[in-house]
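Down below is the structure, laid out as structure tokens.
Computation of the quantities below employed the complete heavy-atom set of this structure, encompassing side-chain atoms and omitting hydrogens, waters and symmetry-equivalent molecules. Residue numbers begin at 1 in each chain, while the letters A, B, ... track the order of the sequences.
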Amino acid sequence: MGKLQAQGINAAAITYDSREVLANFGEAYKIGYPLLSDAGSKVIREFGIFNTNIPPDHKMMYGIPWPGDYLIAPDGAVRDKWFLPSYEHRPSASEAALRHFDGDRGNSVRIEAGVVNATVTLSTDRCFPGQELGLLLEVRLEPGWHVYGQPLPAQYQAIELRLESPLIGEQSLELPAAHPLLLKALGETLPVYAGGFKAHGKVGIKWSPPMPAKFLEPLGNRIEPGLYQITGTLRFQACGDDICETPQSVKFELPLTVDAGIPPAPKKTA
Amino acid sequence: MDAQRKATILHGVIGKMTAGGADIQTAEWVEFVEAQNDGYRTGPAIGAKVPEFTLPDQTGRSRPLHDLMGPNGLLLVFSRSADW
């Protein structure tokens, strides 16, 4: 949230809980942003995200939304939104900050490999199990050099970023379109990147059973809170006007601290 | 999954959790998660205006959307509950 505030973005959360529940939660966890009480779920319905799967006679769950985040522009228009296919996975505020604002680059690693300079950034260095984080790859090339993009014949190496960690489930990277270039030395026209480019992506941190229970064991290993090193590999093949280098594979590491999930605030006794 | 099955699963698993959760089966839990996410919707499209609203915050203060807005925007998070 701090990264967003530095960019002039406020935060607020809406639930169907009563004001008393929110006051208790806000106090227990020292929440510094508005927690809005939509008791009766009127606003949740107006947004069109009222969870219609819950039967009306379900006292506890009726009224909840499909959970998600909106980044709303000052004129009230949706700038971006994050809704994940399962409520067990949640977006992170840091993902919004990295994608839309040049904010704090706390968790970056620089890769200097000859004519290729790259920076890999994870949107945060702290997360909860089940969160989706932002990923950013920035590449700068020496003048006169390029790296291959897709689609590419199998004998060449297109630029590719891959994180490898038992913490990571799904990951994706949205590479910009590569430009076709006639390579005189090879006599072929192939898709390349020259100068530099930026590519945003997503990294899904695996869900972890929220409590120790036999029936949850087959669904995923428990992720212990603590500091992890996320290893990754950047693969590419750099080519100049007259010479093509062999494919390179550069390993890197990014630290990521996994925090324990937040339990409900203790109930106050009257 | 039909509405009747969703209702049965949602009531059944919550009931078992309230009773300690000892006899919940893995397959039942998977259905419980699916029953909640089935056909999920995401509200206003990117570029569309969100509905105007005014809601009380945790201190009881009435907060219209324009009052919540920062100079460059607002991250509005919809969560299921702060109570469970």
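- With a 4.5 Å cut-off on non-hydrogen atoms, B/E52 touches chain A through its backbone but not through its side chain.
- Other residues, nucleotides and ligands contribute only 12 or fewer heavy atoms inside 6.0 Å of the CG atom of A/N221.
- Contact annotation: the side chain of B/Q58 never approaches that of A/E20 to less than 4.5 Å [non-hydrogen atoms, C-beta and beyond].
- Among A/E88, A/E46, A/K81, the residue with the largest count of heavy-atom pairs under 4.5 Å with chain B is A/K81.
- With a 4.5 Å cut-off on non-hydrogen atoms, B/A48 touches chain A through its backbone but not through its side chain.
- The choice from B/G60, B/A3, B/G21, B/A22 that makes the most heavy-atom pairs within less than 4.5 Å of chain A is B/G60.
- Taking CG of B/L75 as the reference point, atom CH2 of A/W82 lies at 6.5 Å (rounded to 0.5 Å).
- The two residues A/Y87 and B/V33 have their closest heavy-atom pair at OH-CG2, 3.6 Å.
- No other option in A/G48, A/A73, A/G76 has as many heavy-atom pairs under 4.5 Å with chain B as A/G76.
- Interface check for chain B: of the options A/S86, A/A265, A/S18, the most heavy-atom pairs under 4.5 Å are formed by A/S86.
- Only the backbone of A/F50 has a heavy atom closer than 4.5 Å to any heavy atom of chain B.
- Of the listed residues B/A27, B/A7, B/G43, B/G39, the one with more heavy-atom pairs under 4.5 angstrom with chain A than any other is B/G43.
- Using modelled atom types, one side-chain atom of A/W66 and one backbone atom of B/Q36 make a donor-acceptor pair closer than 3.5 Å.
- A/I64 is listed as a side-chain neighbour of B/W84, based on a closest heavy-atom distance under 4.5 Å.
- Looking at A/L219, the atoms closer than 4.5 Å to chain B (heavy atoms on both sides) all sit in the side chain, from C-beta outward.
- Your options are A/I44, A/L4, A/I54, A/V21, and the one with the most heavy-atom pairs under 4.5 Å with chain B is A/V21.
- Atoms CZ and CZ, from B/R61 and A/R19 in turn, are 13.0 Å apart once rounded to the nearest 0.5 Å.
- For the pair A/F83 and B/R41, the tightest heavy-atom approach, listed with the atom from each and the gap, is CD2-O, 4.0 Å.
- Heavy atoms from other residues, nucleotides or ligands lying under 6.0 Å from CD of A/E217 number more than 12.
- One finds the CG atom of B/D83 at 8.0 Å from the CG atom of A/N24 (value rounded to the nearest 0.5 Å).
- Per-residue counts of heavy-atom pairs under 4.5 Å with chain B were compared for A/T52, A/I31, A/L22, A/L35; the largest is that of A/L35.
- Taking both residues in full, the closest heavy atoms of A/D17 and B/S81 are given as OD1-OG, 2.8 Å, listed atom of the first, atom of the second, then distance.
- Relative ring orientation between B/W29 and A/F215 is described as tilted, the plane-to-plane angle lying within the 30° to 60° band.
- The greatest number of non-hydrogen atom pairs below 4.5 Å with chain A, out of B/Q4, B/M1, B/K6, is found for B/K6.
- Note that CG of A/L84 and OH of B/Y40 are 7.0 Å apart. Values are rounded to the nearest 0.5 Å.
- If you look at B/F78 and A/F47, their ring centroids are closer than 6.0 Å.
- Rounding to the nearest 0.5 Å gives a distance of 10.5 Å between NE2 of B/H11 and CE of A/M61.
- Both the backbone and the side chain of B/A82 come within less than 4.5 Å of a heavy atom of chain A.
- Under a 3.5 Å cut-off, the side chain of B/N72 and the backbone N or O of A/Q7 do form a donor-acceptor pair.
- Only the backbone of B/T59 comes within contact range of chain A, with at least one heavy atom under 4.5 Å from a heavy atom of that chain.
- In this structure, chain B has heavy atoms under 4.5 Å from both the backbone and the side chain of A/P85.
- Residues B/F53 and A/I14 form a side-chain contact, since some pair of their non-hydrogen atoms from C-beta on lies under 4.5 Å apart.
- For A/N51, the part sitting under 4.5 Å from any heavy atom of chain B is the side chain, from C-beta outward, and nothing else.
- Of all the listed residues (B/I46, B/T26, B/T42), the one sharing the greatest number of non-hydrogen pairs under 4.5 Å with chain A is B/T42.
- For chain A, the nearby parts of B/L74 are the backbone and the side chain; heavy atoms of each come within less than 4.5 Å.
- Shown are A/N10, A/D75, A/I72; of these, the side-chain contact (heavy atoms from CB on, under 4.5 Å) with B/M69 is made only by A/I72.
- Between B/P71 and A/P74 the shortest heavy-atom distance is O-CG, 3.5 Å.
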### Task
Using the side chain to side chain contact (heavy atoms under 4.5 Å, CB included) rule, take B/L76 and A/D69 through it: C-alpha gap first, then chi angles, then the decisive distance, then the call.
CA-CA 6 Å; B/L76 188 62; A/D69 297 2; over 6 Å; no
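- Contacts of B/Q25 with chain A are made by backbone atoms alone, with heavy-atom separations under 4.5 Å and no side-chain atom involved.
- Of the listed residues A/G26, A/A13, A/A93, A/G68, the one with more heavy-atom pairs under 4.5 angstrom with chain B than any other is A/G68.
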### Query
Can you check side chain to side chain contact (heavy atoms under 4.5 Å, CB included) on A/L36 and B/L68, steps first, answer last?
CA-CA 10 Å; A/L36 304 167; B/L68 298 164; 3.6 Å; yes
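- Contact of the A/S37 side chain with the B/P56 side chain is registered, since non-hydrogen atoms from C-beta on lie closer than 4.5 Å.
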